[in-house]
Amino acid sequence: MRTIQTDILILGSGGAGLFAALHAHQADPALDITVAVKGLLGKCGCTRMVQGGYNVALAAGDSVERHFMDTIEGGKWLPDQDLAWKLVTLAVERIHELENELGCFFDRNPDGSIHQKAFAGQTFDRTVHKGDLTGIEIINRLAEQVWARKIKRLEEHRAVALIKAKSGGALAGVLMIDMRTGEFAFVQAKAVLLATGGGPTMYKYHTPSGDKSCDGLAMALRAGLTLRDMEMVQFHPTGLLAGTHTRMTGTVLEEGLRGSGGYLLNGAGERFMGNYDAKLERATRDIVSRAIYAEMRAGRTTPNGGVHISMAHLGPENVIRQFKGMVERCADSGFDLAGGLVEVVPTAHYMMGGVEFRPDCSTALPGLFAAGEDTGGVHGANRLGGNGVANSTVYGGVAGEEMAAWVKAHGVLHQPDAESMAAAEAACRAPLDRPAGDLEGVRQDLYELMWDDVGIVRDAQGLARARGVLLELQARLDATGVDASDLRYNLAWHDWMNLKNLILVSRAICEAALVRENSRGAHFRADFPDAGELETSNYSQVQAAAGEGFRVSRQPVKFTRVRPGDSLLD
Ligand SMILES: Cc1cc2nc3c(=O)[nH]c(=O)nc-3n(C[C@H](O)[C@H](O)[C@H](O)COP(=O)(O)OP(=O)(O)OC[C@H]3O[C@@H](n4cnc5c(N)ncnc54)[C@H](O)[C@@H]3O)c2cc1C
């Protein structure tokens, strides 16, 4: 097997991965840094898809304390407060770095200051943006900077397993598949960053990019790491609903539409949000998603089974100017966003849960760091729109600096444990020995199951059913083979691995949802609708147990900066 050696291996080239590469290089330009990515650097992942923008307290009247309180209250008091504090304070530094050092152009006010728009669930207009396609600006500038440096790239290389050292608990490197040839490669590294970006693509309607299949979370589970807050899957209220024939269904129509005054109307043409929350359409994502879901269950739906978003009352010209990208996206699917009605449905968007990590991005596995959507704890029960890309860029930068320091202080290339490497390779090759079968059937059943039983509204009965069916789906997948005649760009094989990871992570979500017997943020239990005592808030932990099961536990939230009922604001 080809072996590659590097000082720092970064898995993923979203905001977290690229910032990590740049900051590690800046900390020590002599370091050998390699970015390995399932797609092409700069062209894949969700940071590129960021629409609405980036939360940061810049304007007069706003403050990091206010941003922090919005994050904690939005997260229903479950965020790790030290992680959230680092997010809001370093976001200020990072946005200036994006503008002044990396060359991003964000929209401006007539006086030249950065324009910040309203996002739902926030007490101040603090979302920095470039029109409504902010991510393209960020990723293009980041990618250019990475290309301009001596940072190595392994593109179309898929990470499949974290391999520990022969001699003990540290990480030795990562087993990968070169997707272009189908060959395995081992990348031996002194430090590795997990930045593969989570992504709840196991739901019928979902927004993340197609390359995301929870690979990082599945690798972490298999390596014995603990994931936290896995029950917290965020549904964005306004996914485009354009019929079953198009992959545009599920893609997101950004938060700013509701933030700027858009209405939601049910199939009967009624503006229904007043029946659910005093903040109407500007309530947090969880509340709006549940309200839409309730309208759907009551049968008050549009022709494709969702509700409508209406912007026309804000003036079509205004809408076209402010939301050009969204207007074009809707037009592509036959809808007139500026002057008419567009069908929408809640769509699985983001995982607040992920690998437990420390504020310096280190994890329980020496040598492994984590940042971005692969991590848990920053957002608690709900992520504010605009805090996602802030999270990946803030913590990506932190990870880069910390990994550079780690390599200097402790960095050695460990010999990998040959047995676990062989076992990981065999697990990937398993479907190649069987006759090709129906992967699409497994995927469709997974989509429906997660949407119906582990989705926006949950209860013990549905979750117990899902627990059983997920095991059946896993067995079905294990019995399904793929055509192995040519492993070059063998997408069926990669799809099989995607599904394997998605089913494993779905099981972790289901287990965490079963133990949380209350309703907080994105997690709503119809059988336990109360939020529970804020003072005694717990977060969930899930770990793969020996054999086939999971160990699930609860830990008290430490209110290190502010207690429920108090505020950092005067
Ligand atoms: C449509 C959409 C709109 C959004 N809008 C906003 C917004 O307005 N504001 C906001 O704050 N957030 C928004 N988000 C969320 C935001 O995109 C994420 O929070 C953030 O960008 C995640 O960054 P990341 O670096 O962790 O992951 P990503 O940017 O998703 O990058 C993950 C990388 O890992 C790679 N990868 C995956 N698996 C493997 C593997 N096995 N091996 C190697 N590489 C792998 C992928 O190819 C990709 O390069 C949006 C998300 C979507 C989907």
Side-chain angles (χ1 to χ4, degrees), residues 9-20 35-56 87 91 117 119 127-130 132-136 138-139 142-143 154-162 174-177 179 187 192-201 206-219 234 236 238-240 250-256 259 325-326 329 347-352 354 370-375 378-379 383-396 399 494 497-498 501:
L9 171 65
I10 293 167
L11 303 178
S13 69
L18 294 183
F19 254 104
V35 180
V37 50
K38 208 172 174 183
L40 298 176
L41 190 142
K43 303 290 180 203
C44 56
C46 287
T47 308
R48 193 176 172 82
M49 298 165 80
V50 164
Q51 301 176 348
Y54 190 119
N55 288 345
V56 53
L87 169 77
K117 66 179 165 184
F119 251 28
T127 308
V128 172
H129 63 109
K130 166 119 184 183
D132 55 5
L133 296 173
T134 309
I136 293 177
I138 293 177
I139 283 293
L142 281 171
L154 288 173
E155 294 180 307
E156 298 183 313
H157 276 65
R158 174 191 189 131
V160 291
L162 303 171
V174 178
L175 182 65
M176 315 212 59
I177 297 173
M179 298 167 75
V187 185
V192 174
L193 179 68
L194 201 64
T196 67
T201 53
H206 61 253
T207 67
S209 59
D211 48 324
K212 298 222 297 192
S213 47
C214 295
D215 295 357
L217 299 179
M219 287 190 287
Q234 179 168 75
H236 195 295
T238 53
L240 184 61
T251 58
V252 85
L253 297 182
E254 69 129 312
E255 184 110 333
M326 296 300 104
R329 169 170 295 184
T347 177
H349 187 47
Y350 187 90
M351 299 170 79
M352 277 69 77
E373 202 178 329
D374 269 344
T375 62
V378 178
H379 311 290
R383 171 182 70 93
L384 296 180
N387 269 2
V389 63
N391 176 36
S392 59
T393 54
V394 160
Y395 279 104
H494 288 282
M497 288 182 270
N498 291 346
N501 291 342

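Read the numbers this way: they start at 1 and go in the same order the structure lists the ligands and their atoms. Being a predicted model, the structure only gives us computed values, none of them experimental. We count residues from 1, following the sequence as given.
Residues Cys214 and Met351 are in side-chain contact: their nearest non-hydrogen atoms beyond the backbone lie under 4.5 Å apart. At a threshold of 4.5 Å between non-hydrogen side-chain atoms, the residues Met497 and Ile177 count as touching. Using a 4.5 Å heavy-atom cutoff, the side chains of Lys38 and Ser213 are in contact. Between Ile138 and Val50, the closest side-chain pair of non-hydrogen atoms is not below 4.5 Å. Counting heavy atoms from C-beta on, the side chains of Thr196 and Lys212 never come closer than 4.5 Å.
Atom numbering of ligand 1 starts at 1 in the shown order; those under 4.0 Å from a heavy atom of Val37 are 43 (C), 44 (N), 47 (O), 49 (O). Counting the atoms of ligand 1 from 1 in the order shown, those under 4.0 Å from a heavy atom of Ala195 are 32 (C), 33 (C), 34 (O). Near Ala16, with a cut-off below 4.0 Å to any heavy atom, the atoms of ligand 1 are 25 (O). Atoms of ligand 1 lying under 4.0 Å from any heavy atom of Gly372, numbered from 1 in the order shown and given with element: 26 (O). Residue-ligand proximity, Gly12 to ligand 1, at heavy-atom distances under 4.0 Å covers atoms 33 (C), 34 (O), 35 (C), 44 (N). Contact atoms of ligand 1 toward Arg158: 41 (N), 42 (N) (distance under 4.0 Å to a heavy atom of the residue). Per-residue contacts place Gly386 under 4.0 angstrom from the following atoms of ligand 1 (heavy atoms of the residue considered): 9 (N), 10 (C), 11 (O). Listed by atom number, the atoms of ligand 1 under 4.0 Å from Asn387 heavy atoms are 11 (O).
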Stepwise side-chain contact (heavy atoms from CB on, under 4.5 Å) check, His379 with Leu384: CA-CA 8 Å; His379 311 290; Leu384 296 180; over 6 Å; no
Worked check of side-chain contact (heavy atoms from CB on, under 4.5 Å) between Asn391 and Arg383: CA-CA 10 Å; Asn391 176 36; Arg383 171 182 70 93; over 6 Å; no
Test log, rule salt bridge (charged side-chain N to carboxylate O under 4.0 Å, His left out), inputs Lys117 and Glu254: CA-CA 12 Å; Lys117 66 179 165 184; Glu254 69 129 312; 2.9 Å; yes
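Distance from atom 48 (C) of ligand 1 to its nearest protein heavy atom, with residue and atom name: Gly45 CA, 3.6 Å. Ranking protein heavy atoms by distance to atom 3 (C) of ligand 1, first place goes to Met49 O, 3.3 Å. Protein heavy atom at the shortest distance from atom 23 (O) of ligand 1 is Thr47 OG1, 3.1 Å. For atom 51 (C) of ligand 1, the nearest protein heavy atom (residue, atom name, distance) is His349 CE1, 3.4 Å. With respect to atom 47 (O) of ligand 1, the closest heavy atom belonging to the protein is Asp211 OD2, 2.5 Å. For atom 9 (N) of ligand 1, the closest non-hydrogen atom on the protein side is Gly53 O, 2.8 Å. The nearest heavy-atom contact from the protein to atom 36 (N) of ligand 1 is Thr196 CB, 3.9 Å. Of all protein heavy atoms, the one closest to atom 27 (O) of ligand 1 is Gly197 CA, 3.4 Å.
Here's the thing with Tyr350: none of its N/O atoms is less than 3.5 angstrom from an N/O atom of ligand 1. Taking any N or O of Val50, backbone or side chain, none lies under 3.5 Å from an N or O belonging to ligand 1. Some N or O of Gly388 is nearer than 3.5 Å to an N or O of ligand 1, by distance alone. In terms of polar-atom proximity, Lys38 is counted as a contact of ligand 1, with an N or O under 3.5 Å from an N or O of the ligand. Checking only distances, Cys46 does come within under 3.5 Å of ligand 1, N or O to N or O. For ligand 1, the polar-atom distance check against Arg48 finds no nitrogen or oxygen pair separated by under 3.5 Å. The shortest N/O to N/O separation between Asp215 and ligand 1 falls below 3.5 Å. In terms of N/O distances under 3.5 Å, ligand 1 is not approached by Phe119. Annotation: Pro208 places no N or O atom under 3.5 Å from an N or O atom of ligand 1; distance criterion only. Of the N or O atoms in Glu373, one or more lie within a sub-3.5 Å distance of an N or O in ligand 1.
The CG atom of Leu18 sits 11.0 Å away from atom CZ of Arg48, with the distance rounded to the nearest 0.5 Å. From Thr47, atom OG1 reaches atom CG of Leu142 across 8.5 Å, with rounding to the nearest 0.5 Å. Note that CZ of Arg158 and CG of Asp211 are 10.0 Å apart. Values are rounded to the nearest 0.5 Å.
When atom types are taken as modelled, the side chain of Asp132 and the backbone of Gly52 share no donor-acceptor pair closer than 3.5 angstrom. In terms of modelled atom types and a separation under 3.5 Å, the side chain of Ser209 and the main chain of Cys44 share no donor-acceptor contact. Panel note: side chain Gln51, backbone Val252; a donor-acceptor pair is recorded below 3.5 Å. Proximity of a side-chain donor or acceptor of Ser392 to a complementary backbone N or O of Gly372 within less than 3.5 Å is not detected. Looking at Asp215, its side chain never comes within 3.5 Å of a backbone N or O of Asn498 through a donor-acceptor pair.
The residue from Gly385, Gly52, Cys214, Cys44 that puts a heavy atom closest to atom 8 (O) of ligand 1 is Gly52. Considering each of Ala159, Gly14, Gly42, the one bringing a non-hydrogen atom nearest atom 31 (O) of ligand 1 is Gly14.
Residue Asn55 does not touch ligand 1, judged by heavy-atom distances below 4.0 Å. No part of Ser209 comes within 4.0 Å of ligand 1, judged by heavy-atom distances. Only the side chain of Ser392 comes within 4.0 Å of ligand 1, judged by heavy-atom distances. At a heavy-atom cutoff of 4.0 Å, ligand 1 is contacted by the side chain of Arg383 but not by its backbone. Only the side chain of Lys212 comes within 4.0 Å of ligand 1, judged by heavy-atom distances.
If you run side chain to side chain donor-acceptor pair (under 3.5 Å) between Tyr54 and each of Thr134, Asn387, Thr393, only Thr393 comes through.
Of the N and O atoms on the side chains of Thr207 and His349, at least one donor lies less than 3.5 Å from an acceptor on the other residue.
Heavy atoms of His157 approach ligand 1 to within less than 4.0 angstrom.
The existence of a salt bridge linking Glu155 and Lys43 is excluded, since no basic side-chain nitrogen approaches an acidic carboxylate oxygen closer than 4.0 Å.
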